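If you're wondering where the values come from, they're calculated on a predicted model, not measured in any experiment.
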Amino acid sequence: MDGEAIIGQLMTTGGRADPYPLYARAHELGAAAPAGPGTVLAIGHTAADQVLRSPAFVMEDIEDRLRADPRLARHTSVTLFGRSMLQRNAPDHARVRSLVASAFNARRVAALRPAVEAAVGRLLDRLAEQGADGSPVDFMDDFAFRLPVEVICELLGVPPRDHYRFRTLAGDLAVALELVQDLDELGAADVAADELTGYFTGLVAERLARPQDDLVSDLARIAADAPERISGAELLANLVLLLVAGFETTTNLLGNGLALAFRHPEVAAGLRTGAVDPAAFTEEVLRFDSPVQLTTRIAAADGLDVAGVPAPAGTMVLVLLGAANHDPTRYRRPELFDPARPDIQPLSFGGGAHFCLGSRLARTEAEVAFPALLDRFPRLAPGGVATRRDRLVLRGYETLPVTVR
C-alpha cells in the first residue's frame, strides 16, 4: 500500500472509524511518502514536527484556493475560515494572533482554573441528578460539550442563554475543516457559518454600545478604532473560530479520554487515588487518540523536501498528526495506552506559528475534569453503545452513554 492508497483508505468510513492500522502501514513507508501528484505525507514524528515549525511550509491562503477553484467562493464556511488566523500566513496571521494571544497566556489560564473547577462541579451535579435512577446519560452532550463551551463563552463574553445552541452549529461548521471530496457536503456548514456570523455581528454591536470586560468587547473596540489592526470581516471570522476551536477539540479530548479510562480500569483507578497524574493521563490521551488527526501545509518555495521526499513549490503536505503520535521510532510500543510512558510530546495541538492558542486551556479543563469525574462517581460505567462522528480531521464521539449511580 503506497501513500496515495493510504489516504484513499483514510477517506473511507472504515478508515475514519479506525485510522490507526492505516497509520501503522504508513510508517512502513518511512518518515514521509509521496501520495499522488503534488502531495506528500508527513508520517514520522520528527518529519511532522519539522513541517509544522518550518516557515517554508505555509497555510494555503483563501485567495489561492479561490483561484484554483472559484466554486469555493459560494461556500461561506470556506471563506469564513479563510479569513481567520487559522488559515492565514505572515504578516496577517501574526497581526491578528497578537490581539488575542494574551487571553490565553499562562497567567490568564491559571486565573481561569477556579472557574473551570466550579463549572466541573456544576456539571457533575447535573450528571448526578439526571442519572440518579440508573438510566444512561450522554456524557458528550451533558458534560464534554458543556464544560468547554462554558469556559470559552465566559472568556469571549457570550451570554449563558446562548451556550447550548452552539453544539450543532459548531459540529456542522467543522465539516469545512475536513478533506471534503464533494462540495455539496458543505451545505450544513454554510448554513452554520451564516448563522454564527449573524450571531456575532449582533453581539459585536451590543458590546460596542455597552462594553463589558470580555474579549468580544476588546476586539470590537480595536476593529472600530483601528481597522488596520483587525478588519470587521476578520473580527467576525476569528470570533467564530475562537468559539468553535474553543470547545470542539476539547469536547473530543474529554470524550476520547473517558472512553480510554473505561478500556483501562486500572488507569481510572489510579486517577481516583492519585497514583496516575492527571496531566500525564491527558498527554497520553492526546497522543494515543488525538482530537485532531491531520492538518495541511503548502510548500512555499522550490528545493524543499519532507524527510528526503521532494516537495517543490505548491506541494500539498498532509501532516498525519495521528500517525506521528504513533511513530514507533519516537514511542516504544505506541499502540499501548500508557500514561506512565516517559517524555510524551504529542503533536495534537500543532506546532510553530500556528500552535493552538487554546492548548493550555484545553489541558487545564481535562486535568481538572477527569479526576473529579472519576472521584465523584466511583461506579461510573458505559451505559450503552457509543457512536463516533464520521470524521477524519476532528476525531471524537457523537454520543457516549454512561451510568453514574
**OP:** Indicate yes or no: does Asp125 engage Arg122 in a salt bridge with an N to O separation below 4.0 Å.
**Re:** no
Original post:
Which word best sums up how the rings of Phe139 and Phe143 line up, parallel for under 30°, tilted for 30 to 60°, or perpendicular for over 60°?
Top reply: parallel
Subject >> Step-by-step ring pair (Phe, Tyr, Trp, His ring centres under 6.0 Å) determination, Phe247 to Phe166 >> reply: CA-CA 10 Å; Phe247 68 82; Phe166 294 133; 7.2 Å; no
**OP:** Measure the spacing between CG of Asp61 and CG of Asn89 and express it to the nearest 0.5 Å.
**Re:** 4.5 Å
**OP:** State plainly whether the residues Glu178 and Arg16 are in salt-bridge range, i.e. N to O under 4.0 Å.
**Re:** no
**OP:** Look at Glu398 together with Arg389 and state whether they make a salt bridge at an N to O cut-off of under 4.0 Å.
**Re:** yes
Subject >> CG/Asp343: more than 12 non-hydrogen atoms of other groups inside 6.0 Å >> reply: yes
Subject >> Nearest non-hydrogen partners of Ala280 and Ile344, listed with the distance >> reply: O-CD1, 4.2 Å
Original post:
Can Asp218 and Arg207 be counted as an ion pair, charged N to O under 4.0 angstrom?
Top reply: no
**OP:** Report the distance from atom OG of Ser348 to atom CZ of Arg363, rounding to the nearest 0.5 Å.
**Re:** 8.0 Å
Original post:
In terms of side-chain heavy atoms, does Asn238 have a donor or acceptor partner in Ser84 at a distance below 3.5 Å?
Top reply: no
**OP:** Identify the two heavy atoms, one from Arg391 and one from Ala174, that lie closest to each other, and give their separation to 0.1 Å.
**Re:** NH1-CB, 4.1 Å
**OP:** Kindly determine whether Leu260 and Val267 satisfy side-chain contact (heavy atoms from CB on, under 4.5 Å), including the steps that lead there.
**Re:** CA-CA 9 Å; Leu260 286 166; Val267 174; over 6 Å; no
**OP:** Could you check Arg88, Arg95, Arg83 and say which one makes a side chain to side chain donor-acceptor pair (under 3.5 Å) with Glu234?
**Re:** Arg95
Original post:
Between the side chains of Tyr164 and Asp141, is a donor N or O closer than 3.5 angstrom to an acceptor N or O?
Top reply: yes
**OP:** Assess whether side chain to side chain donor-acceptor pair (under 3.5 Å) is satisfied between Tyr23 and Glu335, documenting all intermediate values.
**Re:** CA-CA 11 Å; Tyr23 294 157; Glu335 75 281 2; over 6 Å; no
**OP:** Check for a donor-acceptor pair, side chain of Arg341 on one end and backbone N or O of Arg332 on the other, with a separation under 3.5 Å.
**Re:** yes
Original post:
Would one find more than 12 heavy atoms of other residues, nucleotides or ligands at under 6.0 Å from atom CD of Glu154?
Top reply: no
Original post:
How are the rings of Phe288 and His326 set relative to one another: parallel (under 30°), tilted (30 to 60°) or perpendicular (over 60°)?
Top reply: tilted
Original post:
Got a second to check how far Asp64's CG is from Gln87's CD, nearest 0.5 Å?
Top reply: 12.0 Å
Subject >> Residues Glu284 and Arg287 bridged, charged N to O under 4.0 Å >> reply: yes
**OP:** State whether the number of non-hydrogen atoms from other residues, nucleotides or ligands found under 6.0 Å of Arg229 atom CZ is greater than 12.
**Re:** no
Original post:
Would Glu150 and Arg146 pass as an ion pair if we require N to O under 4.0 Å?
Top reply: no
Subject >> Distance-only donor-acceptor check, side chains Asp289 and Tyr20, under 3.5 Å >> reply: yes
Subject >> Other residues, nucleotides, ligands: >12 heavy atoms within 6.0 Å of Glu129 CD >> reply: no
